[in-house]
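The block underneath contains the structure these notes are about, expressed in C-alpha cells.
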Amino acid sequence: MDYNEYNAPNIPPAPNPSYIEKRSQSMAIASMAMGIAGLVLGCCIYPPIIFGSLAIIFALLSRGGEMTTSGYGKAGLILGVIAIIFGILFLIYGLFTLYVQFGGIDGYLNYVEELMENMADPSYNNPYDFYNNL
C-alpha cells in the first residue's frame, strides 16, 4: 500500500465537482426558461403543456444525483406545473366553448362549411360586390 507524505493511502482523485455543478446549474436555468416560456404562451393550448413538461424534466435533471434542487430548479419546476395547468384549463375551455356555441365538433364543421360556401365566389356581374353577397 502506497502512502503519501501525510501517511494516508493513495485515493484516486474525485471527479471534478465544478463540472457537475455547471451541468446542474445549466439544467436549472433551462428549466426556468422553459417554465417562463410556458407561462408566456399560456393563452395557447399546446405550447404551455410542451414547455411545462420540458421545465419539469429539466428541473428533475438539474438535481443530478443529489436530493436537493437549486433555486432556479425549484422555480422552473413550479412554473412548469403552472404552465401545464394553464394549458389544460385552456384546452377544457376551448372544448366547452365548442360544444356550447356549436353543439359539438360536427356543428362547428358544418358552420365552417357554410362560411366557405358563402365566401366561395364573388358575383360575376360585379366583382366588387363580394361583401354584399354575404
Side-chain angles (χ1 to χ4, degrees):
M1 184 181 267
D2 294 331
Y3 288 94
N4 58 14
E5 64 184 272
Y6 300 108
N7 293 330
N10 285 336
I11 300 173
N16 188 359
S18 63
Y19 169 74
I20 295 170
E21 290 173 6
K22 287 179 184 177
R23 189 180 130 244
S24 296
Q25 188 67 17
S26 299
M27 288 289 185
I29 291 171
S31 169
M32 192 165 140
M34 292 294 131
I36 291 171
L39 284 181
V40 168
L41 297 172
C43 61
C44 304
I45 293 176
Y46 300 114
I49 295 173
I50 294 169
F51 286 121
S53 300
L54 287 174
I56 292 172
I57 291 170
F58 288 152
L60 294 176
L61 287 175
S62 73
R63 289 174 43 183
E66 302 174 9
M67 296 303 288
T68 61
T69 308
S70 69
Y72 288 126
K74 288 178 185 175
L77 183 67
I78 292 169
L79 291 174
V81 169
I82 292 171
I84 288 175
I85 291 171
F86 278 171
I88 291 172
L89 287 176
F90 272 103
L91 178 65
I92 292 170
Y93 174 73
L95 291 174
F96 178 74
T97 303
L98 185 79
Y99 282 106
V100 167
Q101 284 190 336
F102 302 107
I105 295 175
D106 292 332
Y108 176 71
L109 293 176
N110 289 335
Y111 174 74
V112 170
E113 186 177 341
E114 288 174 13
L115 280 178
M116 295 301 286
E117 287 175 1
N118 289 338
M119 295 175 57
D121 294 321
S123 173
Y124 289 109
N125 298 332
N126 186 0
Y128 299 105
D129 197 23
F130 176 74
Y131 293 106
N132 294 332
N133 290 333
L134 298 178

If you look only at distance, which donor and acceptor atoms sit under 3.5 Å apart when one is on a side chain in residues 98-115 and the other is two or more places apart or in another chain?
from   : atom 1 : to     : atom 2 : distance (Å)
Asn110 : ND2    : Asp106 : O      : 3.3

Table please: side-chain donor-acceptor pairs of residues 34-43 below 3.5 Å, with sequence neighbours left out.
none

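- If you chain together hydrophobic residues whose side chains sit under 4.5 Å apart, Ile78 and Met32 fall into the same group.
- For the residue pair Ser62 and Ala28, the shortest heavy atom distance occurs at CB-N, 3.5 Å.
- Met27 and Ile50 fall within a single hydrophobic cluster, where Ile, Leu, Val, Met, Phe, Trp and Tyr are joined by side-chain heavy atoms under 4.5 Å apart, directly or via other members.
- Note on Leu79 and Phe58: separate hydrophobic clusters, where clusters join Ile, Leu, Val, Met, Phe, Trp and Tyr whose side-chain heavy atoms are under 4.5 Å apart, directly or indirectly.
- Across all non-hydrogen atoms, the minimal contact from Cys44 to Phe90 is O-CB, 4.1 Å.
- Grouping Ile, Leu, Val, Met, Phe, Trp and Tyr by side-chain contacts under 4.5 Å, direct or through others, puts Ile84 with Ile49, Ile56, Leu60, Leu77, Val81, Ile85, Ile88, Leu89, Ile92.
- Closest heavy-atom contact between Gly52 and Ala83: CA-CB, 4.2 Å.
- Under a hydrophobic-cluster definition in which Ile, Leu, Val, Met, Phe, Trp and Tyr are linked whenever side-chain heavy atoms come within less than 4.5 Å, directly or via other members, Ile57 and Ile29 are assigned to different clusters.
- Residue Ala55 comes nearest to Gly76 through the heavy atom pair CB-O, 3.6 Å, listed as atom of the first residue, atom of the second, then distance.
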